[in-house]
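Every heavy atom of this structure was used, including side-chain atoms; hydrogens, water molecules and symmetry mates were not. Convention: sequence-line order gives letters A, B, ...; per-chain numbering from 1.
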Number of protein chains: 2
Amino acid sequence: MDAETLPISGERVAIRVHHWLRQQLMRSRFRPGEKLKLRTLAEELGVSPTPVREALARLVSEGALEQVDHRSARVPVLSDVRLREVCELRCDLEGKAAERAAERAGPADAEALAAIHARMTQARVEGRMAEMLVENERFHMQLCALARMPVLLRMVEGLWLQCGPLNAGLQHMRFLHRPEDHPHHEVIRGIRQRDGGLARLAAQRDITLYADALLRRLPEINATQER
Amino acid sequence: MDAETLPISGERVAIRVHHWLRQQLMRSRFRPGEKLKLRTLAEELGVSPTPVREALARLVSEGALEQVDHRSARVPVLSDVRLREVCELRCDLEGKAAERAAERAGPADAEALAAIHARMTQARVEGRMAEMLVENERFHMQLCALARMPVLLRMVEGLWLQCGPLNAGLQHMRFLHRPEDHPHHEVIRGIRQRDGGLARLAAQRDITLYADALLRRLPEINATQER
DNA sequence: GGAGCAAATTTGTTATCACAAAACTCGAAC
DNA sequence: GTTCGAGTTTTGTGATAACAAATTTGCTCC
């Protein structure tokens, strides 16, 4: 489950470091406000500072990290209004993606989506929360991929990355809804029935529920921030 | 008007190179499909390859450049469908920004916007097309800034950057509409009257007209691509 | 003249080094 | 006990060099 070491995938070291850091951010390894130190990361990964530098620069450009005092990079501390903005944009963009996906996806795509959701539910009931979060992300990204809008997909990935460090606060959260009431079910139904409006509304409801839960937890999450 | 040399602004070399490359892309200095070579750029700017590398990596992450064969970076060649997608997303996001700006901006903001548009019109009638494009970009970015949504602003900047290399094709284009019919006027009116719906529709009409004109020119623009 | 292939050159990647600025440490003074 | 400051350490930046992969060149053979 854990991967303290660099993934073998990808050829260039800088790309591998970028993926690794991305994964660590989505798994909330770093707390909001924490500074990421060049040599520390390089030493842990067994590489030189140069590719780590490139990876950090990319993450800053993607909005996953923020530059502080024009020197070091740190995990952003999301304010209440900023988290609301990210979630509002996710509603717009993922809503559009869901609608387009319903128009373009075939039956096999809908079943693949259902399979992902099933794995997610299984992980949740068995208490493997980290895995649950991974499958949830996979569900949303797969939905966006079905819309066949690569620019939109990239933007949604960026928005997810900005929320990543906060997901730790969801690990110990109670169920937001009973399994059979999960909004994903209606999303899947929208895809199956090629009902774009239904898929859009369901996706937006899913995000809204997530946002509300996160906003309630935000004060205590930010209380644990570094510095 | 021209700036072959690095801007003095910003402290770090990598940041300056990044800004410079961004500017060059918006001014269509590089053709679609052109490869950007590390040592060539570094020599031209009188710096070492290291900061140029970081700048290129950032631009790839922003979608302004694309990685080819996992090695070099090149200016993307926008297909018809991809340009449509970018413009559709611009419609959605800038439309939302215009609506929010109308709700949040004050009278002084509206006049500042009108002043930018006046400078743009002046530049256009006097044939200074490059300057016209700069002022047009300033108008749209200022509009997004008035919405006070920093995440949205960053995403719109990214979308503009992807269209930047194509703007050369607009330099020699006929007027899209008579000056008094320019959609910007209705955007400004929407801001003045705090009419979010009007501002949104006008902004979207502006983008649609731009997109249609660009799509007509796209074949000949892509015909001049490199390699 | 064109195809194939090897040498030479170009080009991107990464590690190392020197440097400057920021952060930290540790006393001393009040 | 707190504050200030000098010296040390840490940390990021950018140039350089070594290396590898890709590209180009130029020659031969058909």
Side-chain angles (χ1 to χ4, degrees), chain A residues 5-22 24-25 29-31 33-62 64-77 225-227, chain B residues 5-22 24-25 29-31 33-62 64-77 225-227:
Chain A
T5 175
L6 226 44
I8 324 96
S9 66
E11 303 177 353
R12 288 172 40 193
V13 179
I15 300 288
R16 295 209 304 266
V17 176
H18 180 250
H19 281 152
W20 182 82
L21 276 169
R22 208 182 155 95
Q24 301 299 310
L25 283 168
R29 162 173 170 173
F30 306 109
R31 287 171 302 182
E34 184 173 351
K35 276 189 188 174
L36 269 54
K37 298 183 182 176
L38 214 52
R39 286 174 170 84
T40 308
L41 291 170
E43 191 182 0
E44 174 175 0
L45 297 173
V47 300
S48 89
T50 311
V52 178
R53 228 179 110 56
E54 179 183 325
L56 289 178
R58 295 180 80 127
L59 288 166
V60 169
S61 270
E62 291 163 12
L65 300 176
E66 67 181 5
Q67 203 99 31
V68 61
D69 63 44
H70 304 291
R71 288 188 100 246
S72 47
R74 72 169 185 189
V75 181
V77 181
Q225 82 183 241
E226 194 137 294
R227 196 140 295 280
Chain B
T5 175
L6 227 45
I8 324 96
S9 67
E11 303 177 352
R12 288 172 40 193
V13 179
I15 301 288
R16 295 211 303 268
V17 176
H18 179 250
H19 281 151
W20 182 82
L21 277 170
R22 208 181 154 96
Q24 301 299 311
L25 283 168
R29 163 173 169 174
F30 307 108
R31 287 172 300 182
E34 184 173 353
K35 275 189 188 175
L36 270 54
K37 297 183 182 178
L38 212 52
R39 286 173 170 82
T40 307
L41 292 170
E43 191 181 358
E44 174 175 0
L45 297 173
V47 300
S48 87
T50 312
V52 179
R53 222 181 119 56
E54 180 183 324
L56 289 178
R58 295 180 81 127
L59 288 166
V60 169
S61 269
E62 292 163 11
L65 299 176
E66 68 180 6
Q67 203 100 31
V68 61
D69 63 43
H70 304 291
R71 288 188 101 243
S72 47
R74 73 170 188 188
V75 181
V77 180
Q225 81 183 242
E226 193 138 292
R227 200 142 290 283

S.K.: Starting at NE2 of B:H70 and ending at P of C:dG12, how long is that distance when rounded to a whole Å?
M.R.: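 Spelled out: NE2 on B:H70 to P on C:dG12 is 16 Å.
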S.K.: For B:E11, is there any backbone N or O sitting under 3.5 Å from a side-chain donor or acceptor partner on B:R16?
M.R.: yes
S.K.: Expressed in angstrom and rounded to an integer, what is the separation of A:H18 atom NE2 from C:dT13 atom P?
M.R.: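 My rounded result for the distance is 14 Å.
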S.K.: Tabulate atom names and distances for all N/O pairs under 3.5 angstrom spanning the protein and nucleotides 14-16 of chain C.
M.R.:
unit_1, atom_1, unit_2, atom_2, d
C:dT14, OP1, A:V13, N, 2.2
C:dA15, OP2, A:S48, N, 2.8
C:dA15, OP2, A:S48, OG, 2.4
C:dA15, O5', A:S48, OG, 3.4
C:dA15, N7, A:T50, OG1, 2.9

S.K.: How long is the straight-line distance from OG of B:S61 back to CG of A:L59, given to the nearest 0.5 Å?
M.R.: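 With rounding to 0.5 Å, CG (A:L59) is 7.0 Å from OG (B:S61).
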S.K.: Got a second to check how far B:R74's CZ is from B:E34's CD, nearest 0.5 Å?
M.R.: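 One finds 11.5 Å between CZ of B:R74 and CD of B:E34.
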S.K.: What pairs with B:T40 under side-chain contact (heavy atoms from CB on, under 4.5 Å), at least two apart in sequence or on another chain?
M.R.: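 So B:T40 forms a side-chain contact (heavy atoms from CB on, under 4.5 Å) with B:K37.
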S.K.: Measure all distances between protein nitrogen or oxygen atoms and nitrogen or oxygen atoms of nucleotides 7-11 of chain D, and list the pairs falling under 3.5 Å.
M.R.:
unit_1, atom_1, unit_2, atom_2, d
D:dT11, OP1, A:K37, NZ, 2.9

S.K.: Quick check: do A:V17 and A:L41 have side-chain heavy atoms less than 4.5 Å from each other?
M.R.: no
S.K.: Could you tell me which residues satisfy side-chain contact (heavy atoms from CB on, under 4.5 Å) with B:Q67, sequence neighbours excluded, listed by chain and number?
M.R.: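 With neighbours one apart ignored, the set is A:R12, A:R58, B:V60.
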S.K.: State, yes or no, whether a side-chain contact exists between B:R31 and B:V75 at a heavy-atom distance under 4.5 Å.
M.R.: no
S.K.: Can you measure B:E44 atom CD to C:dT11 atom P for me and round it to whole angstrom units?
M.R.: 14 Å
S.K.: For B:P76, what residues pass the side-chain contact (heavy atoms from CB on, under 4.5 Å) criterion, not counting sequence neighbours?
M.R.: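 Once residues adjacent in sequence are excluded, the partners of B:P76 under the side-chain contact (heavy atoms from CB on, under 4.5 Å) criterion are B:E66.
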